[in-house]
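So that the names make sense, note that chain A is the first sequence line, chain B the second, and so on, each numbered from 1.
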Amino acid sequence: MARDIQTILLELYTIDPSLRAQERELQKLIGEMLRANPLIIVDEKFLKELRRNIGALAREKSSHSSPNPFSAFSFRTLFSKFPNPLPLAAALLLLALAIPMGIVLFKGENGIRQITEKKTIDTSPSITALDDNAFGPLALATPSMESSKRSQGGGGSDPAALGTGQAGSAYSETNPMTAPSVADSSQTGSGQAPAAGFGRGGGGGVSRDMASPMIAPEFYQYKFVYKGGEFSIDDRMPVYRKKKTATLTSRVAEQIKNINFGFLNLDKFQNLKAQQISLTEDRDHGYMINLNLEDNSFSINADWNRWAELQRSAYTPPASPPSDQEIISIADAFMRSYDINMSAYGPGKVTWPQYHIMGADTAEKSASLYYTPDVSVLYPLKIDGKTVMDEGGNESGIYVSVNLPTKSVLGAGFESNNYESSMYQMETDNKKLINIAEQGGMYGYGMYPPYESAKITTIELGTPTSALVRTWRYDPSRNTGYELFVPALIFPVERMINGTFYQKQIVIPIAKEILNERYPFPKPMPLSEPEPSPTPLPEPAILPMPPKQ
Amino acid sequence: METEEIKILEECQAGELHRFTLLYDRYSTKIYRFIYYKTHHKETAQDLTSVTFTKAIERIKSYDKTKGGFSTWLYQIARNTVVDHYRTTKTTANIEDIWDLADENINVLRDVNISMTTAKIRQAMENLKPKQREIIMLRIWEDMPYREIAEIIGSSEDAAKMAFSRAIKELRQQLPAAAFLSLLLLFK
């Protein structure tokens, strides 16, 4: 606030230098004005509801923007132009009867009946709010399996056996084996820094049986440290699930059944539903379109047979690679040209391959590296205004592949954006969440104790932001998987000391059921330090048997 | 105005109105706060915020980027919406916001979300002209630059700065000497 007071004072002195004489009083006055700023609590529910209404209004105005050629037509107008309307009425009646009879009787080539009605699918995103906990339990493990859980060492364990049946341990820097249990986090005390976790990166060891040791890879571990500030979480937040919107599967199947293929009579099959349709443009530089009618998703990909440029094996990178903005413009233009609704996504961003990121920031700097002709433009998915991440800490959404030599889109996959939402209980204990972050997040990179021979890479995490994480769940009762979008905290990786870490952010889903499913992490099996190389035995290693006497 | 915002506006004006929700995400909280400053009533602020964005989306094609930034245009709509609200709901014509209604026993502190540290500041603000009050609120509470404030209130940047300076002087003068001394003692 001191900075704001000074800024305003300096502005005032520039406008009216005589005010300098009253600096002390003005300082108090402006400070008081800043303190008097009303505490306005914005109702998030209201903002979300208004956003939905604005979205609906936008859709309505977009559909009415095309001029309706029949808007001026009315029967009253038509009949008013004729002094004796009876002949006209009779003619219209005959026409009204003739049209349906014509449809029934008409049979085009190969017995295909004409589809006279075109159905419009609304691809705008929508969210249907359901009752609380409407998706059932979020955790994979069922309550009856709690008693059968056993302590697990490293990987390869039965996922159903993991859960909250055991106390986990947080490892402190000073004494990794005796740090307090996370379940009793009050013991850490307010005056202590949170325990830092250690992660295990690569590994190696020497077999005892070998006469000469193998060259072991460098053994490194990650140590995560939270350096951010305070944050708060609502105790109940919506979890989202894709809404099944298979509305056309039966209709399309009915239409296809009317086709006389000549080699198969589809009428003999019962209750047919169309699941997928593939179409191809019959032209140079055409595209293949795959429609999944069960979830309203689709993909568009270049038909390689009709793109001669893509079939060349040798590729010469251009002298001056296109800028990120130019690449994004190519992807944007593709979306617009096919009327693809992108309202559920944020603006596009180029995702350069890893070697670009590690070796150079832009294509210009990476001229000496292997240069890929294809790059991806990511359009991050947003649900209810929140960015969707994957469990690896990357933004999730649509990836559009852009071919740089032809400056064309090669392909992209699109999904439906109809969701259901239901409120669930969230974890609000900041200390617990920070502790999980300092163990590397939900997959526990940092749960292993430090080893003497390990190279420690310290990763500093910043204040988390709120987002959604895309996660898969499995319903054993129905033997199906389904996707959930769960509120999550995103801890940014702000600094890496003495090494690198491949993730830019640590993602932690904060739905209590999902969190308690994995956390506290089970104690890993302790790893042995690399063995020293054995002393070679003199030849022969086994002495000959003494002769029989 | 940043490039991304210009692009979104162009797309909206070209008929892709679904992109308007991105602008809504950017400005909804700011506009709500601005309207709340002028109404001090949660439900009224919500209604008028809704009206503001509805008007904005209906008039998006008439927005001309050469005449000013989108945020300025949106704030102007919000401002006019508040003025229209009070002029149609009250018989007195010269009402621009809730502060002008203080003499009708309307308690600006009635909303539990407000916490004004001194009643004297409130009284002094009530005695300012609406434009002066607005400039004070936008500059001190919203940290808005003078250029944008000028566009919202329909004056030049220099005029907005002068008006701000005069408003501060008036506030300084309106606070009685004794009360001001007590302020100094309180916050030394």
Side-chain angles (χ1 to χ4, degrees), chain A residues 4-5 7-9 11-16 18-19 22 24-44 46-55 57-63 65-66 123-125 325 329 332 336 339 341-344 346-347 382 385, chain B residues 3-4 7-8 11-12 14-22 24-25 28-29 32-33 36-37 40 42 45-46 49-50 53-54 56-58 111 113-118 120-122 125 136-137 139-143 146 158 161-162 164-166 168-169 171-172 175 180 183-184 186-188:
Chain A
D4 294 329
I5 297 174
T7 305
I8 294 171
L9 283 175
E11 286 168 6
L12 284 168
Y13 301 154
T14 309
I15 300 165
D16 185 353
S18 69
L19 287 171
Q22 304 171 43
R24 195 161 165 235
E25 295 89 337
L26 288 174
Q27 207 163 20
K28 299 294 179 193
L29 174 64
I30 291 168
E32 197 54 37
M33 290 295 302
L34 285 166
R35 275 186 286 273
N37 192 348
L39 280 169
I40 298 174
I41 301 166
V42 184
D43 187 343
E44 289 294 333
F46 154 72
L47 288 180
K48 283 181 187 166
E49 184 63 34
L50 180 56
R51 191 183 196 276
R52 274 195 282 275
N53 294 340
I54 294 291
L57 179 60
R59 283 195 296 278
E60 188 191 323
K61 292 190 78 63
S62 293
S63 68
S65 62
S66 311
T123 57
S124 305
Q325 193 49 51
S329 298
D332 285 348
R336 275 197 298 274
D339 294 331
N341 187 333
M342 296 296 287
S343 57
K382 290 186 188 295
Chain B
T3 315
E4 188 190 321
K7 196 172 116 183
I8 294 170
E11 286 167 350
C12 287
E16 292 177 50
L17 284 171
H18 58 270
R19 299 284 279 168
F20 186 85
T21 49
L22 296 175
Y24 171 86
D25 290 338
S28 54
T29 304
Y32 177 83
R33 286 171 59 88
Y36 192 88
Y37 287 143
H40 290 281
K42 179 180 161 186
Q46 288 181 352
T49 302
S50 177
F53 280 100
T54 303
I57 198 172
E58 283 173 353
D111 197 306
N113 289 334
I114 293 176
S115 72
M116 298 283 272
T117 54
T118 65
K120 299 279 186 253
I121 293 279
R122 173 180 65 80
M125 289 277 282
I136 292 273
M137 289 196 294
R139 183 67 199 97
I140 297 184
W141 290 348
E142 284 292 281
D143 199 23
Y146 289 106
D158 286 340
K161 286 178 179 174
M162 283 307 302
F164 178 71
S165 163
R166 283 194 212 107
I168 291 288
K169 279 185 197 170
L171 277 177
R172 166 78 182 82
L175 288 170
F180 206 78
L183 266 176
L184 292 180
L186 268 175
F187 299 106
K188 214 159 89 171

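Heavy-atom distances place the side chain of Ile136(B), and not its backbone, under 4.5 Å from chain A. Both the backbone and the side chain of Glu58(B) come within contact range of chain A, judged by heavy atoms closer than 4.5 Å. With a 4.5 Å cut-off on non-hydrogen atoms, Phe53(B) touches chain A through its backbone and its side chain both. For Glu4(B), the part lying near chain A is the side chain, with the backbone staying farther off; criterion is any non-hydrogen pair under 4.5 Å. Looking at Asn53(A), neither its backbone nor its side chain comes within 4.5 Å of chain B, counting heavy atoms on both sides. For Leu12(A), the part sitting under 4.5 Å from any heavy atom of chain B is the side chain, from C-beta outward, and nothing else. There is no contact between Gln27(A) and chain B, counting heavy-atom distances below 4.5 Å.
Under the 4.0 Å criterion applied to side-chain N and carboxylate O atoms, Asp25(B) and Lys382(A) are not assigned as salt-bridge partners.
The CZ atom of Arg59(A) sits 9.5 Å away from the OG1 atom of Thr21(B) when rounded to the nearest 0.5 Å. To the nearest 0.5 angstrom, Met342(A) atom CE is 8.5 Å from His18(B) atom NE2. We find the CD1-CD1 distance between Ile140(B) and Ile8(A) to be 5.0 Å, quoted to the nearest 0.5 Å. Within the model, atoms CD of Glu44(A) and OG of Ser28(B) stand 8.0 Å from one another, a figure rounded to the nearest 0.5 Å. Expressed to the nearest 0.5 Å, how far CG of Leu26(A) lies from CG of Leu171(B) amounts to 10.0 Å. For the atom pair Glu16(B) CD and Asn341(A) CG, the distance stands at 9.0 Å (nearest 0.5 Å).
Between Ile168(B) and Ile30(A), the shortest heavy-atom distance links the atoms CD1-CG1, 4.5 Å. In this structure, Glu11(A) and Tyr146(B) approach most closely via the heavy-atom pair OE1-OH, 2.7 Å. Tyr24(B) approaches Arg51(A) most closely through the heavy-atom pair CE2-CB, 3.5 Å.
Using a 4.5 Å heavy-atom cutoff, the side chains of Thr49(B) and Phe46(A) are in contact. In this structure, Lys7(B) and Asp332(A) have side chains that are in contact, with non-hydrogen atoms separated by less than 4.5 Å. Between Asp43(A) and Tyr32(B) there is no side-chain heavy-atom pair separated by less than 4.5 Å. Lys169(B) is not listed as a side-chain neighbour of Gln22(A), based on a closest heavy-atom distance of 4.5 Å or more.
Comparing Glu142(B), Glu11(B), Met162(B), Gln46(B) by how many heavy-atom pairs each has under 4.5 Å with chain A, the most go to Gln46(B). Annotation: maximal heavy-atom pairing with chain B below 4.5 Å, among Leu47(A), Asp16(A), Leu57(A), occurs at Leu47(A). Note: Leu17(B) leads Thr54(B), Asp158(B), Ile57(B), Leu17(B) in heavy-atom pairs under 4.5 Å with chain A.
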